[in-house]
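What follows is a short report on a single structure.
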Amino acid sequence: MKTILFVLALIVGLSFAVQPIAVSKCTNLTVPGVYQLTQDISGVPNDAPEMGLEAAACMKISSSSVTLDCNGYSIIGPNVIASNKLYGILINNSVNSVSVLNCKISGYTYGIYALKSTSGTFSENILLSNTKSGFYSTEGVQNSITKNYAYSNGDHGFSFYYERDSTVSHNNASSNKISGFSLDGSSERNIFANDVSYINNQDGFVVYNSPNNAFDSAFSHDNDRYGLLILSSPGTNISHSTFYKQSNGAVYTKNSDINFVRNHFYSNSPDIFIDNGPAPYKLSLAQDIFDNQNGNYANYLTLSAYDVVQPNEAYKISWAQLPLPLPNNRIAFDNASFSLTSVTGNPAIENLNISWSGSHFDQATYSAQNFSLYRYDNIGNGGWSGMTNPPNIIDQKFSLSNVNSFGTYAILQSIPPQPPQQPQNLPNLSIDAALSCNGNVVKVTSNNAPLLGAVVSVTRDGQQLFSGAVNEFGEFTFSDCGRTVTITATANGYNSQSIQKTLVSCNQCNQPNNNCNSNNDCADDQRCRDTLCRPVICDCGVVQKHQCIPYACCLDSDCGPGGVCAQNICTYILPSPPPEQNISGNNSNETIVPLICESAGDCPLGQSCDQQSKTCKSVTNPPSTPPANSAQNVQDNALTYVLGGIVVVLLGAVGYLLYKKKDEEPKAK
């Protein structure tokens, strides 16, 4: 009986051994185990001579296989700027399988500093108001940094130096004084996925001297300089990411082989800046979307390109406002255009494909048979010139090679001549125009029903000012004032109609009807367009010096997934991945071209490389087990197996003892 009680006591003791070890003050963790804060802690009582003179930390982790769970409590530093070696949590040299979870760290030089950490896990930490970086990892390997939030730090939100094979996902960085995410010092083969970076004082993401890193589903906006800055980092891959409202440019790249795949650009100036480097480097675009200022997939073109950028070449790619007036008898496909701007040298893009594929290609309105590619000369005498390249109707694209004539490109459709018919045998069109300072709306109907497919042309003295197809409500909108114009509506099978209208006075619209040659001839809240000063449209921002300076947001929807707009600034609790984007706008049945691959490393996150077809395919049944590099999971699994083995052995021993006791009892006679 005593033996049985001893075994039961041993089992109970083992069950208590798995409870976390309580921590109530700054300390040095030198023994493997699971530790948990029980209150807020502060200070830097632990010297860290391995980090240099006067270096100190609150929490030091000097052992492998340690999990520190702050349980939502704070680690509060002294908020001094004099020292650059104060650490909220310092992971010591060359430890592995360390986890730091649920900590709120502020007031240190570095919130979390990991030195040569391998297979570490850093998750759901809040890192704010540290004088340098919120999170810093140097010489780390196969770390997992997920669901952390770094904001208002003195340098970067997240910094990595010589980091290799790590995963950085679902993190949020904002309002840091330099950048949200920084990758430096020959860091390579790291994957950034679903990370959000916004309102940082310089850049959203920075990659410097670090090859073969990938960004998938990144979300970067409203940073003061670039959304993504790439310098001397060959093999950088950017896919399924969104960049908007970057005043210096969405992406700046120099001396870096770079691949873009299915990214979404809008409201940037410019979208991509390709600068020259000391040696040639490669640029590749694959079905990247250049969208209008609202980013609503209403007026966009899809570009694919390949170019070897020469040392003396630099140029920019951007969505562009459609130059007006258009050539006679032409309408623009979706009123979309993009610009190529030469910065230095005489760049020539080797291959360029311009696609109109997608659900916004309305065959009732547009006919690809009548498409032509046109270029507007922005620098010379101006005006449109047609390109000789025929459209590829099957693949829905124009293909160009050795493109050295820069300017604004647009797909224009010729309006085929109407066959002569007896007017009395055709139904009539009706035109109605509602004129206002907010836009002139022309509505085309027949028998009081909107006429989809009708084309509206606005002319003055025989010169075409505006033209385009009506929408599903039979409406076409244009902005102008102070002129008398002729509005004509045409449609196959109908008698065309024309009306003459005098537009609302420009004075009434607070827009003087005076001539101008440049913006300098206009008031600060106006810009010069078509030789007239016109008001700057700025629905979400402030007008300064002839341009709209957009606010970070006006609605929650401006902030993207998980964001809330408060006083024109986006705030996030924890980042969520952006919604799966449909590159053509609305067509869920569109065929997605699979990426060619040799191994899983060539595919975006969530896909594997099918060795038979050599293409990336989605993982249909992902394993339910946690990642192998999670220190907590390793410990939990190991502990489960050990306890399970002990319990089985002990239960066997108990059974054997009970059997022996029964066997030794005197047998009844």
Item to complete: For N148 and E124, indicate whether the former's side chain and the latter's backbone hold a donor-acceptor pair under 3.5 Å.
Response: yes
Discussion item. Using side-chain heavy atoms (C-beta onward) and a distance below 4.5 Å, is F406 in contact with T408?
Written reply: no
Discussion item. For a quick test of reading the model, state the closest non-hydrogen atom pair linking G157 to A150 and the distance between them.
Written reply: O-CB, 3.5 Å
Worksheet entry | Side-chain heavy atoms of L68 within contact of M59, under 4.5 Å | yes
Discussion item. What verdict does the side-chain contact (heavy atoms from CB on, under 4.5 Å) test give for L373 and I411, after you've listed the backbone C-alpha separation in whole Å, the side-chain angles of each residue and the deciding distance to 0.1 Å?
Written reply: CA-CA 5 Å; L373 188 63; I411 299 172; 4.1 Å; yes
Worksheet item: Among T121, T67, N125, which one satisfies side-chain contact (heavy atoms from CB on, under 4.5 Å) with V100?
Response: N125
Worksheet item: Does N292 use its side chain to pair, donor to acceptor, with the backbone of N294 at less than 3.5 Å?
Response: yes
Worksheet item: Which pairs pass ring pair (Phe, Tyr, Trp, His ring centres under 6.0 Å) with one or both residues in residues 171-191, sequence neighbours excluded?
Response: F158-F181, F181-F205
Item to complete: Give a yes-or-no answer on whether the side chains of H240 and D216 include a donor-acceptor pair shorter than 3.5 Å.
Response: yes
Practice prompt. For the pair S304 (side chain) and Q287 (backbone), establish whether a donor and an acceptor sit closer than 3.5 Å, ignoring hydrogens and angles.
Written response: yes
Worksheet item: Going by atom types only, do D203 and N223 share a side-chain donor-acceptor pair under 3.5 Å?
Response: no
Fill in: Ring centres under 6.0 angstrom apart (Y300, H264)
no
Worksheet item: Does any non-hydrogen side-chain atom of K316 lie less than 4.5 Å from one of V343?
Response: yes
Worksheet item: So how far is it from D257 CG to N237 CG, rounded to the nearest 0.5 Å?
Response: 10.0 Å
Worksheet item: For the residue pair K177 and G154, what are the closest heavy atoms and their distance?
Response: CB-O, 3.1 Å
Worksheet item: Which is it for L127 and I112 under the side-chain contact (heavy atoms from CB on, under 4.5 Å) test, yes or no, and what are the steps along the way?
Response: CA-CA 8 Å; L127 313 162; I112 298 175; 4.0 Å; yes
Fill in: I238 side, atom CD1; R262 side, atom CZ - distance, nearest 0.5 Å
16.0 Å
Worksheet item: If you measure from OH on Y306 to CG on N259, what distance do you get to the nearest 0.5 Å?
Response: 9.5 Å
Worksheet item: Under 3.5 Å, is there a donor-acceptor pair between the D288 and N263 side chains?
Response: yes
Fill in: Donor-acceptor under 3.5 Å (N153 side chain, N130 main chain)
yes
Worksheet, complete the sentence: Heavy atoms of N276 and Q310 approach each other most closely as CB-O, 3.9 Å
Discussion item. When you measure from the side chain of N404 to the backbone of N346, do you find a donor-acceptor pair of N or O atoms at a distance under 3.5 Å?
Written reply: no
Worksheet item: In terms of the angle between their ring planes, are Y87 and Y113 parallel, tilted or perpendicular, with boundaries placed at 30° and 60°?
Response: perpendicular
Response to the item:
In short, N255 meets G277 closest at the heavy-atom pair CB-CA, 4.2 Å
Worksheet entry | Among N392, N353, N389, side chain to side chain donor-acceptor pair (under 3.5 Å) partner for S399 | N353
Worksheet item: Sub-3.5 Å donor-acceptor pair from the side chain of S256 to the main-chain atoms of T253, do we have one?
Response: no
Worksheet entry | Non-hydrogen side-chain atoms of Q293 and S267 separated by less than 4.5 Å | yes
Fill in: Heavy-atom check, side chain of I272 versus side chain of L285, under 4.5 Å
yes
Discussion item. Ring-plane angle category for F215 and F192, please: parallel below 30°, perpendicular beyond 60°, tilted otherwise.
Written reply: parallel
Discussion item. Quick one, Y110 with S159, criterion side-chain contact (heavy atoms from CB on, under 4.5 Å). Give me CA distance, side-chain angles, the key distance, then yes/no.
Written reply: CA-CA 10 Å; Y110 299 93; S159 294; over 6 Å; no
Fill in: Closest heavy-atom pair and its distance - A368, P391
O-CG, 3.8 Å
Discussion item. For the backbone of N171 and the side chain of D195, can you confirm whether one donor and one acceptor N or O come within less than 3.5 Å of each other?
Written reply: yes
Worksheet item: Below 4.5 Å, heavy atoms only, C-beta onward: do Y136 and H156 meet side chain to side chain?
Response: no
Worksheet item: Does A410 offer a backbone N or O that forms a donor-acceptor pair with the side chain of S337 under 3.5 Å?
Response: no
Worksheet item: What is the distance from atom CZ of F243 to atom CZ of F219, rounded to the nearest 0.5 Å?
Response: 10.5 Å
Identify every side-chain donor-acceptor pair in residues 182-190 under 3.5 Å, counting partners at least two apart or on other chains, and give the distances.
residue	atom	partner	partner atom	Å
S187	OG	Y162	N	2.9
S187	OG	E163	N	2.8
S187	OG	D184	O	2.7
R189	NE	D165	OD1	2.8
R189	NH2	D165	OD2	3.0
N190	OD1	D165	N	3.3
N190	OD1	S166	N	2.9
N190	ND2	E163	O	2.9
N190	ND2	E188	O	3.3
N190	ND2	N213	OD1	3.1

Worksheet, complete the sentence: Residues G180 and S197: closest non-hydrogen pair is CA-OG, 3.5 Å
Practice prompt. Would you confirm whether W319, through its side chain, and N299, through its main-chain N or O, come within 3.5 Å as a donor-acceptor pair?
Written response: yes
Practice prompt. Applying side-chain contact (heavy atoms from CB on, under 4.5 Å), run through T109 and K85 and close with a yes or a no.
Written response: CA-CA 6 Å; T109 313; K85 298 175 183 177; 5.6 Å; no
Worksheet entry | Under 3.5 Å: donor-acceptor pair, side chain of N176, backbone of N200 | no
Discussion item. Measuring only between side-chain heavy atoms, which start at C-beta, is F398 closer than 4.5 Å to M387?
Written reply: no
Response to the item:
Rounding to 0.5 Å, atoms CZ (F290) and CZ (F265) come to a distance of 5.0 Å
Worksheet item: Can you find a heavy atom in the side chain of L301 that is under 4.5 Å from one in the side chain of F333?
Response: yes
Worksheet item: Tell me the salt bridge (Lys or Arg N to Asp or Glu O under 4.0 Å) pairs involving residues 128-139, sequence neighbours left out?
Response: K132-D155
Discussion item. To the nearest 0.5 Å, what is the distance between NE2 on H221 and CG on N268?
Written reply: 11.5 Å
